[in-house]
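Below you'll find the structure, written out as structure tokens, and then a few comments.
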Amino acid sequence: MTYRRVSPDFFNGTTEEVASKLLGKILLRNIENQILAGIIVETEAYLDSDDLASHSAVGMTERNRAMFGEAGLAYVYFTYGMHYCFNVVTGEVGKGSAVLIRSIEPKEGIELMKKFRGKNDINTLTKGPARLCQALKIDKRLNGVDLKTSSEIYIAESDLKNFEIVRSRRIGIQKSKEKLLRFYIKNNHFVSKK
DNA sequence: TTATGGATCTTCT
DNA sequence: GAAGATCCATAAA
């Protein structure tokens, strides 16, 4: 299986556009000489203004610095004392916006994902932002990495087409929860929540 | 099947 | 000192 990385201009456009364009694409992880891959089935947009749920709402800090970088960088943060979450940075330099990858459908390297997760259940292998980071061994070392050039982690094209995109409220937030900034592939089993 | 609390630590106030 | 873009085991129903 060969993978074709998306072109650099894939990350241009608004955060909401990138969030919906990421659906159906492949998230690639190159680790221990093996490929881990899955289809992105669920994303959330976090905007640079008028979005109190976004980490960037408080301005740039040491933690969210990557969000303010150029589009196509990875923003990985640690939360709840034990979990990492993976984001794709969007927008102009100096503006803090990103797309949270909430869930992928595992396609390749499933055995290694199970090893990293310490679980054998395929149904919850990569369903949820913290679980997919665990399955792909994503941690803060990947914060700020450029998805346009990195060989460790990047986004690739897929031939998946003809799916329906559903837009809804974001999960697990307290502020700005009324905004419809979550995108997922309709009827996909690996979407974390309906 | 749903509800609850614990884990556990970084960041910001 | 409190809260958090979460997950899991356990308990209750």
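The figures here come from the full heavy-atom set of this structure, side chains too, leaving out hydrogens, waters and symmetry mates. So you know, we letter chains A, B, ... as the sequences are listed, proteins then strands, and number each from 1.
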Can you name the atoms? Protein N/O to nucleotides 1-3 of chain B N/O, anything below 3.5 Å, with the distance.
none

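- Of the residues in residues 173-182 of chain A, those with a non-hydrogen atom less than 4.0 angstrom from any atom of DNA chain C are A:I173, A:Q174.
- Within residues 90-125 of chain A, no residue approaches DNA chain B, by heavy-atom distance under 4.0 Å.
- Closest-nucleotide positions on DNA chain C for A:Q134 and A:F78 were compared, and the one nearer the 5' end corresponds to A:F78.
- With its ring centre under 5.5 Å from that of the base six-membered ring and a plane angle below 30°, A:Y46 counts as stacked on C:dA5.
- Within the cation-pi definition used here (under 6.0 Å to the ring centroid, within 45° of the axis), A:R167 does not qualify as a partner of A:F183.
- No side-chain N or O of A:N87 forms a donor-acceptor pair with one of A:H55 less than 3.5 Å apart.
- For A:S103 and A:S192, the side-chain atoms include no donor-acceptor pair closer than 3.5 Å.
- Contact annotation for A:A130: backbone-only contact, meaning every heavy-atom pair under 4.0 Å involves sugar-phosphate atoms and none involves a base.
- Partners of A:Y84 by side-chain contact (heavy atoms from CB on, under 4.5 Å), not counting sequence neighbours, listed by chain and number: A:V76, A:F78, A:C133, A:D139, A:K140.
- Using modelled atom types, one finds no donor on one side chain facing an acceptor on the other under 3.5 Å when comparing A:E44 with A:Y184.
- Within 4.0 Å of A:Y80, counting heavy atoms only, lies at least one base atom of the nucleic acid.
- Stems are defined here as 3 or more consecutive Watson-Crick or G-U wobble pairs with pairing distances under 3.5 Å; those involving DNA chain C are B:1-7 with C:6-12, B:9-12 with C:1-4.
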What are the atom names and distances for every N/O pair under 3.5 Å that joins the protein to nucleotides 11-13 of chain B?
| from | atom 1 | to | atom 2 | distance (Å) |
| --- | --- | --- | --- | --- |
| B:dC12 | OP1 | A:T61 | OG1 | 2.3 |

